Enquirer: 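Quick one: the structure is below, and I'll ask about it shortly.
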Amino acid sequence: MPDIATPLVAWQRQHGRHALPWQGTRDPYRVWLSEIMLQQTQVSTVLGYYERFLQRFPDVAALAAAPQDDVLTLWAGLGYYSRARHLHRCAQQVVAQHGGAFPRSAQALQDLPGIGRSTAAAIAAFCWDERVPILDGNVKRVLTRVLAFEGDLAETRVERALWAQAQDLLPTQAADMPAYTQGLMDLGATLCSQRQPRCADCPLHAHCRARAEDRTAEFPRKTRKLKRSRVALTWLWLRRADGAHWLLPRPARGVWAGLWSLPECADAADAQAAVQGWTGTATPGETFTHVLTHRDMVITPWQFRFTGEAPSVEQLQQRWPGGRWLAPAELDAVGLPAPLSRLLRR
DNA sequence: TAACCGTGGAG
DNA sequence: TCTCCAAGGTT
């Protein structure tokens with residue numbers, strides 16, 4: 001087993017990132033929040049969200065006490081909204097079951113909602129020097145290259161083996177854990193990139209088997225292919241004469257769970273039937289495609305502008321429970337899916 | 001275990 | 001335009 005910890009720790013301290021907003025603190029709340037936001041999300045995307053979130057929820061108690069809708073509003077646009085719901089539940093559990101303090105071990109952290117093995121390890125390493133490995137996308141790339149790890153990471157058994165390797169590569173000194181953990185992240189995010197890794201500048205150059213064999217492009221190996229489905233849907237876009245939009249909360253399960261959206265219809269005929277008997281102007285909008293990781297959503301907004309009196313809120317809510325009219329200025333107060341946010345602000 | 005869950009950037 | 005993927009976790 002090569003000693004990558006020593007050169008990596010030295011490199012991180014001299015050349016790594018030190019000025020990110022969630023660094024320079026060992027406050028588990030701040031570290032935890034950053035780790036959740038950074039799941040499958042790049043640093044540059046998270047920066048603004050992180051600051052706004054801390055401003056509104058400065059500590060775990062404030063977050064726990066907030067309505068879930070407020071949390072989702074601040075999360076809107078960041079994606080993977082189950083993270084926000086789990087984050088909120090986690091805060092409530094920390095307050096209710098742990099007296100407001102995060103449990104101080106990676107093992108115990110993993111019992112909390114939204115915290116898996118890698119996130120738990122990152123928090124424990126950064127905050128308490130615990131000797132536990134992380135294994136995120138960046139680290140998988142770094143380690144499989146260093147080791148020329150041939151296994152297919154689509155297989156559970158293989159991934160388990162890489163976790164074991166990650167454990168064996170940890171620094172001996174617990175005090176080095178923060179710099180080591182950060183170093184792996186920094187290396188994967190900067191030098192050891194997917195394409196065109198800058199091996200000449202890499203502190204692990206001398207230890208890297210893939211580099212020695214000129215095979216960096218072969219790692220990591222992963223055979224699972226992404227199969228993307230396609231779904232077409234029609235959004236009924238009701239607009240009052242004063243410009244207000246009719247929005248309602250989405251179901252607790254599925255895409256954009258808990259966010260606010262337009263009423264969904266099967267097709268244009270369905271939308272047309274919904275406005276039967278009302279006075280106004282119908283405009284079939286331009287169809288656009290919104291791409292998710294696993295699904296292409298082909299969306300047609302079907303707009304209906306009331307020219308006279310709209311039905312009462314009670315009548316509308318009978319059909320769309322929880323719905324309400326929102327003026328353009330009020331759109332910031334609710335969480336909208338990214339494509340709807342673009343549509344309404346256009 | 002495989003499917004599901006967003007969005008934006010990079011090449 | 002297209003593909004890959006980013007400080008993954010849950011069901």
Side-chain angles (χ1 to χ4, degrees), chain A residues 12 16-17 20-23 30-50 72 75-87 89-90 109-126 132-142 153-160 163 166 178 180-190 192-197 217 220 222-229 231 250-259 261 289-297 335-342:
Chain A
Q12 204 288 322
R17 297 174 291 186
L20 296 170
W22 43 85
Q23 296 180 300
R30 292 177 175 243
V31 173
W32 163 67
L33 177 62
S34 74
E35 291 301 329
I36 303 298
M37 283 190 168
L38 286 160
Q39 287 171 359
Q40 301 293 99
T41 310
Q42 295 191 336
V43 167
S44 56
T45 304
V46 166
L47 291 172
Y49 283 90
Y50 185 75
L72 281 171
W75 203 275
L78 198 52
Y80 284 144
Y81 299 98
S82 66
R83 289 185 296 172
R85 298 191 304 275
H86 289 139
L87 186 88
R89 275 208 296 139
C90 180
L109 285 169
Q110 272 191 82
D111 290 336
L112 293 165
I115 302 182
R117 182 172 179 182
S118 193
T119 298
I123 298 169
F126 285 136
V132 279
I134 59 169
L135 196 60
D136 55 42
N138 281 327
V139 178
K140 285 175 182 171
R141 191 167 54 250
V142 172
L153 292 179
E155 297 176 22
T156 304
R157 186 175 47 220
V158 171
E159 176 151 341
R160 204 155 46 225
W163 272 106
Y180 176 78
T181 303
Q182 186 66 51
L184 281 178
M185 293 172 168
D186 291 350
L187 200 55
T190 57
C192 196
S193 53
Q194 169 72 7
R195 308 178 201 187
Q196 310 255 333
K222 189 167 43 180
T223 60
R224 187 177 301 151
K225 305 175 187 87
L226 175 71
K227 16 182 183 176
R228 179 177 293 147
S229 60
V231 58
R250 293 184 58 87
R253 293 186 173 279
V255 177
W256 301 314
L259 271 62
S261 190
T289 301
H290 183 74
V291 179
L292 282 60
T293 303
H294 63 296
R295 186 179 304 170
D296 280 356
M297 309 191 76
L336 303 175
L340 181 60
S341 184
R342 275 193 291 272

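On a predicted model such as this, the values are computed, not experimentally measured, just so you know. Scope of the values below: all heavy atoms of this structure, side chains included, with no hydrogens, waters or symmetry mates. Residue numbering restarts at 1 for every chain, and letters A, B, ... go by the order of the sequence lines.
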Enquirer: Can you check whether any acceptor in the base of dG9(C) is under 3.5 Å from a donor in the side chain of S118(A), or vice versa?
Expert: no
Enquirer: If you look at every strand shown and take non-hydrogen atoms under 4.0 Å, does V139(A) touch a base, only sugar-phosphate, or nothing?
Expert: nothing
Enquirer: Can you work out whether R89(A) or A122(A) has the more 5'-proximal nearest nucleotide on DNA chain C?
Expert: A122(A)
Enquirer: Rounded to the nearest Å, what distance is computed from the CG atom of residue L336(A) to the C1' atom of nucleotide dG6(B)?
Expert: 14 Å
Enquirer: Mind checking side chain to side chain contact (heavy atoms under 4.5 Å, CB included) for T181(A) and listing every partner two or more places apart, or none if nothing turns up?
Expert: A125(A), F126(A), I134(A), M177(A), M185(A)
Enquirer: Classify I36(A) by what it touches in the nucleic acid, base, sugar-phosphate, or nothing, heavy-atom distance under 4.0 Å.
Expert: nothing
Enquirer: So what does R253(A) hit on the nucleic acid, given a heavy-atom distance under 4.0 Å: a base, only sugar-phosphate, or nothing?
Expert: nothing
Enquirer: Is any side-chain N or O of W256(A) closer than 4.0 Å to OP1 or OP2 of dT7(B)?
Expert: yes
Enquirer: Judged by atom type as modelled, is there a donor-acceptor pair below 3.5 Å linking the side chain of Y49(A) to the main-chain atoms of A76(A)?
Expert: yes
Enquirer: Looking for any heavy atom pair under 4.0 Å, which part of the strands does G254(A) touch: base, sugar-phosphate only, or nothing?
Expert: sugar-phosphate
Enquirer: With a 4.0 Å cutoff (strictly under), does any side-chain N or O of R342(A) reach OP1 or OP2 of dG8(B)?
Expert: yes
Enquirer: For Q40(A) and dG9(C), what is the distance between atoms CD and P respectively, to the nearest whole Å?
Expert: 9 Å
Enquirer: Please report, rounded to the nearest Å, how far the C1' atom of dA6(C) is from the NE2 atom of H294(A).
Expert: 17 Å
Enquirer: Enter the distance from Q39(A):CD to L87(A):CG here, rounded to the nearest 0.5 Å.
Expert: 9.5 Å
Enquirer: Considering every strand and a 4.0 Å limit on heavy-atom distances, what is the contact class for T156(A): base, sugar-phosphate, or nothing?
Expert: sugar-phosphate
Enquirer: Can you sort out the partners of R17(A) under salt bridge (Lys or Arg N to Asp or Glu O under 4.0 Å), two or more places apart, ordered by chain and number?
Expert: D186(A)
Enquirer: How is V46(A) classified with respect to the nucleic acid when contacts are heavy atoms under 4.0 Å: base, sugar-phosphate, or nothing?
Expert: nothing
Enquirer: Atom CG of D296(A) to atom P of dT7(B): distance rounded to whole Å?
Expert: 13 Å
Enquirer: Among residues at least two apart in sequence or on other chains, which ones pass side chain to side chain contact (heavy atoms under 4.5 Å, CB included) with T41(A)?
Expert: T45(A), V46(A), L78(A), R83(A)
Enquirer: Measure CD/Q39(A) against C1'/dG9(C) and give the value in whole Å, please.
Expert: 6 Å
Enquirer: Could you list the residues that satisfy side chain to side chain contact (heavy atoms under 4.5 Å, CB included) with R228(A), not counting sequence neighbours?
Expert: L226(A), V291(A), D296(A)
Enquirer: Partners of R160(A) by side chain to side chain contact (heavy atoms under 4.5 Å, CB included), sequence neighbours excluded?
Expert: T156(A), R157(A)
Enquirer: Measure the distance from CZ on R85(A) to C1' on dT10(C) and round it to the nearest whole Å.
Expert: 10 Å
Enquirer: Name the pairs: protein N/O against N/O of nucleotides 1-5 of chain C, kept only if under 3.5 Å.
Expert:
unit_1 : atom_1 : unit_2  : atom_2 : d
dC5(C) : OP1    : Q194(A) : NE2    : 3.2

Enquirer: Heavy atoms under 4.0 Å, any strand shown: does T45(A) hit a base, just sugar-phosphate, or nothing?
Expert: nothing
Enquirer: Give the ring-plane orientation class for H290(A) versus W256(A), where under 30° counts as parallel, over 60° as perpendicular and anything between as tilted.
Expert: tilted
Enquirer: Using whole Å, what does the distance between atom P of nucleotide dG9(C) and atom CD1 of I134(A) come to?
Expert: 11 Å
Enquirer: Rounded to the Å, how far apart are W32(A) CH2 and dG9(C) C1'?
Expert: 14 Å
Enquirer: Could you check Q196(A) against A154(A) and say which one's nearest nucleotide on DNA chain B is further toward the 5' end?
Expert: A154(A)
Enquirer: Look at T41(A) and dT7(B) and indicate whether a side-chain polar atom (N or O) is within less than 4.0 Å of OP1 or OP2.
Expert: no
Enquirer: Take H86(A) and F126(A), find for each the nucleotide of DNA chain C with the closest heavy atom, and name the residue whose nucleotide sits nearer the 5' end.
Expert: F126(A)
